[in-house]
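Okay, structure first, notes after.
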Amino acid sequence: MVDLRSDTVTKPTFEMREAIKNAEVGDDVLGDDPTIIHLQNMIADLLGKEAALFVPSGTMSNAIAIRAHTNPGDEIVTESTSHIYIYEGGGYAALSGCSVALVPGELGIMKPKDVEKAIRKGEGSLGHFPNGSLVCVENTSNRGGGTCYPQEDLDEIAKIAHDNKCAAHMDGARLFNAAIATGTDPARIVRDYDSISICLSKGLGAPVGSILVGSSKFISLAHRWRKMFGGGMRQAGVIAAAGLFALENNISRLAEDHERAKILASAINEIDLFSVDLEGVQTNMVYIKVLGDINAEVLVEKLSEQDVHVLALGDDLLRAVTHIHITDEDIVNSINAFKIVSS
Ligand code: TLP
């Protein structure tokens, strides 16, 4: 079976399971877990920030960041297809009491001037506007196709946020994919961001876990919100060990996933029934437009009969994601399956 539904489907490899087995653990709510402490310090160093906090999921990491940066009644600014807006259950509203100002992006990437236009401040509005206090950027952009922000746009967006007394948060669920694809040091990418959320459980191949990174002051606030959101874990060094293993071993290999995604994308784009915006295939994702009358869900079914699994993200949109378990042979088989279902 070729499982291209997401890079979240990865399972710990034998070596990762060995690391899990050997993990030293302690009660992390009491601050006693040496593996978690090591992981948090390592990622903070890697990103050039003061501190980090291990959390159960990317969704919780973003939710904590939003809660820590805002007050109820504030407004967050984010791209109109961002994970925070589309896929987090409206957590910004329910958990933080925030409204959202949506910015249209091109392949999920916001233009700095559009971010500037979207920030509304309570001050000077005769009390009419909510207070825009946080700008969220997603890098890579999932619904954008796994696209990467140009560095100058990231820097400019952070500056616009700060000039307008907003914090700048990066949903870097796939930050290392962006770093590998653009050849940029991750610390440089996030230099001007106040908080960054990283997922260990996607392309990096760990089974569970995300990390929120920022200043010591921000992380101590985040720590309190993690507690209130029920995200304090006890002997979670067993899962942090998988994250450490992933950071030590699985970053540079992301380039292979990107290469395979490009091969898959070009071949599918050659098939009459499908079209792929090849410029948007910058990392490990391939968004495939279905050109005929056939519904994407029907194609998902037909592909699964060929043992190839993808997701339908709309009536005419499929998504295929490469990851650590996808081999060259899987790509050949997937291309064949797409040919078979299109005939
Ligand atoms: N993305 C998942 C689904 O939720 C859509 C996927 O299969 O791509 N930020 C970004 C950019 C994400 O893509 C995801 C997960 C998250 C945050 C949330 O991470 P988790 O699943 O750990 O809560």
Side-chain angles (χ1 to χ4, degrees), residues 1-11 13 58 80-83 85-87 105-109 138 140-148 173-174 177-178 180-181 199 201-205 207 250 253-343:
M1 155 170 170
V2 184
D3 196 348
L4 297 165
R5 288 173 302 162
S6 182
D7 48 9
T8 59
V9 302
T10 51
K11 296 176 186 169
T13 56
S80 52
T81 65
S82 64
H83 198 275
Y85 178 60
I86 298 200
Y87 293 121
E106 206 174 295
L107 292 173
I109 304 296
E138 186 176 305
T140 65
S141 160
N142 178 345
R143 287 299 299 250
T147 45
C148 308
R174 298 182 179 83
N177 293 86
I180 292 291
C199 288
S201 60
K202 307 214 157 47
L204 293 179
N250 292 346
R253 64 149 309 285
L254 292 171
E256 288 178 35
D257 299 343
H258 300 174
E259 198 46 47
R260 292 192 179 103
K262 283 198 175 70
I263 293 167
L264 182 67
S266 308
I268 292 175
N269 191 42
E270 292 294 311
I271 304 170
D272 285 349
L273 183 61
F274 303 112
S275 144
V276 179
D277 181 345
L278 297 179
E279 226 175 275
V281 183
Q282 299 172 11
T283 55
N284 65 332
M285 294 189 166
V286 184
Y287 276 81
I288 303 148
K289 206 161 162 40
V290 181
L291 301 176
D293 277 341
I294 186 160
N295 191 284
E297 291 286 3
V298 175
L299 284 165
V300 167
E301 267 310 302
K302 288 179 155 215
L303 284 163
S304 71
E305 285 160 19
Q306 304 299 317
D307 260 355
V308 171
H309 299 267
V310 299
L311 285 184
L313 293 177
D315 289 345
D316 63 352
L317 192 63
L318 297 169
R319 186 185 78 166
V321 185
T322 55
H323 51 76
I324 194 164
H325 302 320
I326 300 298
T327 62
D328 290 338
E329 196 187 340
D330 291 334
I331 296 296
V332 171
N333 292 339
S334 303
I335 295 166
N336 282 337
F338 273 86
K339 284 182 184 157
I340 290 168
V341 302
S342 73
S343 57

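Computed from heavy atoms alone, side chains included, the values below leave out hydrogens, waters and symmetry copies.
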Main chain of [Y], side chain of [X]: is a donor-acceptor contact present, judged purely on distance under 3.5 Å?
{"X": "Gln306", "Y": "Ile340", "value": "no"}
{"X": "Tyr287", "Y": "Asn142", "value": "yes"}
{"X": "Arg260", "Y": "Ile326", "value": "yes"}
{"X": "His323", "Y": "Asp3", "value": "yes"}
{"X": "His309", "Y": "Met1", "value": "no"}

Criterion side-chain contact (heavy atoms from CB on, under 4.5 Å) on Leu204 and Leu254, from CA distance to verdict: CA-CA 8 Å; Leu204 293 179; Leu254 292 171; 4.2 Å; yes
Parallel, tilted or perpendicular: rings of Tyr87 and His83 (30°, 60°):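 Rings of His83 and Tyr87: tilted, 30 to 60°.
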Locate the shortest heavy-atom distance separating [X] from [Y]; write the atom from each residue and the value.
{"X": "Ile86", "Y": "Thr81", "answer": "CD1-CA, 3.5 Å"}
{"X": "Ala267", "Y": "Ile335", "answer": "CB-CD1, 3.5 Å"}
{"X": "Ala173", "Y": "Lys202", "answer": "CB-CD, 4.4 Å"}
{"X": "Ala265", "Y": "Val281", "answer": "CB-CG2, 3.8 Å"}
{"X": "Ala181", "Y": "Gln282", "answer": "CB-O, 3.5 Å"}
{"X": "Gly314", "Y": "Ala296", "answer": "O-CB, 3.3 Å"}

Reference residue Val286; test side-chain contact (heavy atoms from CB on, under 4.5 Å); the match among Leu278, Val276, Leu318, Asn269: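 Testing each of Leu278, Val276, Leu318, Asn269 against Val286, the sole residue satisfying side-chain contact (heavy atoms from CB on, under 4.5 Å) is Val276.
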Test side-chain contact (heavy atoms from CB on, under 4.5 Å) applied to Phe274 and Val341, step by step: CA-CA 11 Å; Phe274 303 112; Val341 302; 4.3 Å; yes
4.5 Å side-chain heavy-atom contact, [X] and [Y]:
{"X": "Leu299", "Y": "Ile288", "value": "no"}
{"X": "Thr283", "Y": "Cys148", "value": "yes"}
{"X": "Ser6", "Y": "Arg319", "value": "yes"}
{"X": "Val2", "Y": "Asp307", "value": "no"}

Full working for side-chain contact (heavy atoms from CB on, under 4.5 Å) between Ile331 and Thr322: CA-CA 9 Å; Ile331 296 296; Thr322 55; 4.1 Å; yes
Asn177 and His258 side chains, donor-acceptor separation under 3.5 Å: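 A donor-acceptor contact under 3.5 Å links the two side chains.
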Polar contact flag, side-chain donor to acceptor under 3.5 angstrom, Asp330-Thr327: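 Note: Asp330 and Thr327 side chains meet the donor-acceptor criterion.
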Say you draw a straight line from [atom1] of [X] to [atom2] of [Y]; how long is it, rounded to the nearest 0.5 Å?
{"X": "Asp7", "Y": "Asn284", "atom1": "CG", "atom2": "CG", "result": "5.0 Å"}
{"X": "Thr10", "Y": "Ile324", "atom1": "OG1", "atom2": "CD1", "result": "7.0 Å"}
{"X": "Asp316", "Y": "Lys289", "atom1": "CG", "atom2": "NZ", "result": "3.5 Å"}
{"X": "Asp257", "Y": "Leu264", "atom1": "CG", "atom2": "CG", "result": "12.0 Å"}
{"X": "Ile268", "Y": "Phe338", "atom1": "CD1", "atom2": "CZ", "result": "4.0 Å"}
{"X": "Lys302", "Y": "Ser342", "atom1": "NZ", "atom2": "OG", "result": "9.0 Å"}

Trace of the side-chain contact (heavy atoms from CB on, under 4.5 Å) decision for Leu317 with Arg143: CA-CA 11 Å; Leu317 192 63; Arg143 287 299 299 250; 3.7 Å; yes
Lys262 atom NZ: more than 12 heavy-atom contacts under 6.0 Å: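 More than 12 within 6.0 Å, yes.
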